[in-house]
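Structure record follows, encoded as structure tokens.
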Amino acid sequence: TDANNVTNVTFYFYDSTTNALTYNLTIVNDTVDDTEFNSTIVTSSVLVDGTYNLTVNATNSTSNITTNISVTGVTIDNAAPLVTANVPLASTWYSANFTVNLTVSDATIGVDNTSVQYRVLNSTGTNVTDWITLTLGSGFYTATFDITSQVNAENYTFEFNASDSL
């Protein structure tokens, strides 16, 4: 096959369960001599979370398909993990050290356990702590917040972070 003079590349996404065509996109080469295409497909606006089979066709200047590649089991996950704070509770006053306790879930790919973190900001929005990694155990992510090390008794904001596993 002649990989030169590729005029366009078409991506076909098929639902992995039903094999129904869900989405396709054609990228046109504006310089007929190129054999490499670089493009980003923003899946969040066109594909729901799930598993797809992907077929890619490259077509040359005489409308012949020069390359046909298929990849099965491509997972699309547009949603970040869901983080629920069990402790601390909103609008609750704590006067002793306590265990930060989170429930974190992601239905599509799963959670990167090393990415579950929290940090604390004071009432002016200044960081009181750096990002602190929580440990997974018995279905919950936990870490101790040492309130006794805080200089001032004030309102704090807890921020939480979690990422998908790859």
Side-chain angles (χ1 to χ4, degrees), residues 1-90 100-121 125-127 129-143 157-166:
T1 61
D2 180 14
N4 295 319
N5 297 321
V6 172
T7 57
N8 66 67
V9 175
T10 303
F11 297 82
Y12 299 92
F13 289 85
Y14 297 91
D15 182 285
S16 67
T17 304
T18 65
N19 209 31
L21 178 62
T22 305
Y23 177 70
N24 69 295
L25 170 72
T26 299
I27 301 168
V28 177
N29 180 0
D30 57 2
T31 60
V32 178
D33 296 330
D34 285 347
T35 59
E36 294 183 22
F37 285 71
N38 291 311
S39 184
T40 300
I41 300 172
V42 181
T43 61
S44 60
S45 61
V46 294
L47 294 170
V48 298
D49 290 0
T51 305
Y52 297 87
N53 297 327
L54 173 65
T55 298
V56 181
N57 291 340
T59 305
N60 67 15
S61 58
T62 59
S63 298
N64 292 317
I65 295 176
T66 62
T67 305
N68 181 315
I69 298 171
S70 294
V71 180
T72 59
V74 176
T75 301
I76 302 295
D77 184 358
N78 297 305
L82 175 64
V83 177
T84 303
N86 305 312
V87 176
L89 299 173
V100 175
N101 182 301
L102 306 178
T103 302
V104 184
S105 62
D106 185 88
T108 306
I109 292 180
V111 177
D112 174 1
N113 293 333
T114 63
S115 75
V116 180
Q117 301 173 320
Y118 81 92
R119 72 176 174 184
V120 181
L121 301 120
T126 303
N127 289 347
T129 68
D130 290 325
W131 286 104
I132 297 169
T133 301
L134 288 86
T135 303
L136 176 62
S138 301
F140 300 100
Y141 292 86
T142 59
T157 300
F158 282 73
E159 291 184 337
F160 306 106
N161 182 53
S163 300
D164 293 317
S165 62
L166 298 176

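None of the values given here were measured: they were computed from a predicted structure.
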Next on the checklist: For a 4.5 angstrom cut-off between non-hydrogen side-chain atoms, does Tyr141 reach Thr135?
Outcome noted: no
Next on the checklist: Nearest 0.5 Å, please: how far is OH in Tyr23 from OG1 in Thr43?
Outcome noted: 9.5 Å
Checklist entry - Roughly how far, to the nearest 0.5 Å, is the CH2 atom of Trp131 from the OG atom of Ser115? => result 10.5 Å
Checklist outcome for this item: Heavy-atom nearest pair, Leu121 first then Glu159, reads CD1-CD, 3.2 Å
Next on the checklist: Please check: side-chain N/O of Asp106 versus main-chain N/O of Ile109, any donor-acceptor pairing under 3.5 Å?
Outcome noted: yes
Next on the checklist: As an exercise, state the distance from CG of Asn161 to CG of Leu134, rounded to the nearest 0.5 Å.
Outcome noted: 10.5 Å
Checklist entry - Which class fits the ring pair Tyr52 and Phe13: parallel under 30°, tilted 30 to 60°, perpendicular over 60°? => result perpendicular
Checklist entry - Got a donor-acceptor contact below 3.5 angstrom from the Asn53 side chain to the Gly73 backbone? => result yes
Next on the checklist: For a quick test of reading the model, state the closest non-hydrogen atom pair linking Thr133 to Gln117 and the distance between them.
Outcome noted: OG1-NE2, 3.5 Å
Checklist entry - Checking side-chain hydrogen bond (donor to acceptor under 3.5 Å, both in side chains) against Asn101, which of Thr84, Asn86, Thr142 comes through? => result Asn86
Next on the checklist: In the structure I gave you, are the side-chain heavy atoms of Phe160 and Val100 within less than 4.5 Å of one another anywhere?
Outcome noted: yes
Checklist outcome for this item: Between the CG atom in Asn24 and the CZ atom in Phe11, the distance rounded to the nearest 0.5 Å is 11.5 Å
Checklist outcome for this item: Ala162 and Pro81 have their tightest heavy-atom pair at O-CD, 3.7 Å
Checklist outcome for this item: Of all heavy-atom pairs linking Ala85 and Leu102, the shortest is CA-CD2, 3.6 Å
Checklist entry - Where do Asn8 and Val28 come nearest, in terms of heavy atoms and distance? => result CB-CA, 4.0 Å
Checklist outcome for this item: Heavy-atom closest pair (Ile132 atom, Ala143 atom, distance to 0.1 Å) is CG2-CB, 4.4 Å
Checklist entry - Is there a donor-acceptor pair under 3.5 Å between the side chain of Ser16 and the backbone N or O of Thr51? => result yes
Item to check | Point-to-point distance, once rounded to the nearest 0.5 Å, from OG of Ser163 to CG of Asn113 | outcome: 11.5 Å
Checklist entry - Nearest 0.5 Å, what's the CG-OH distance between Asn19 and Tyr14? => result 7.5 Å
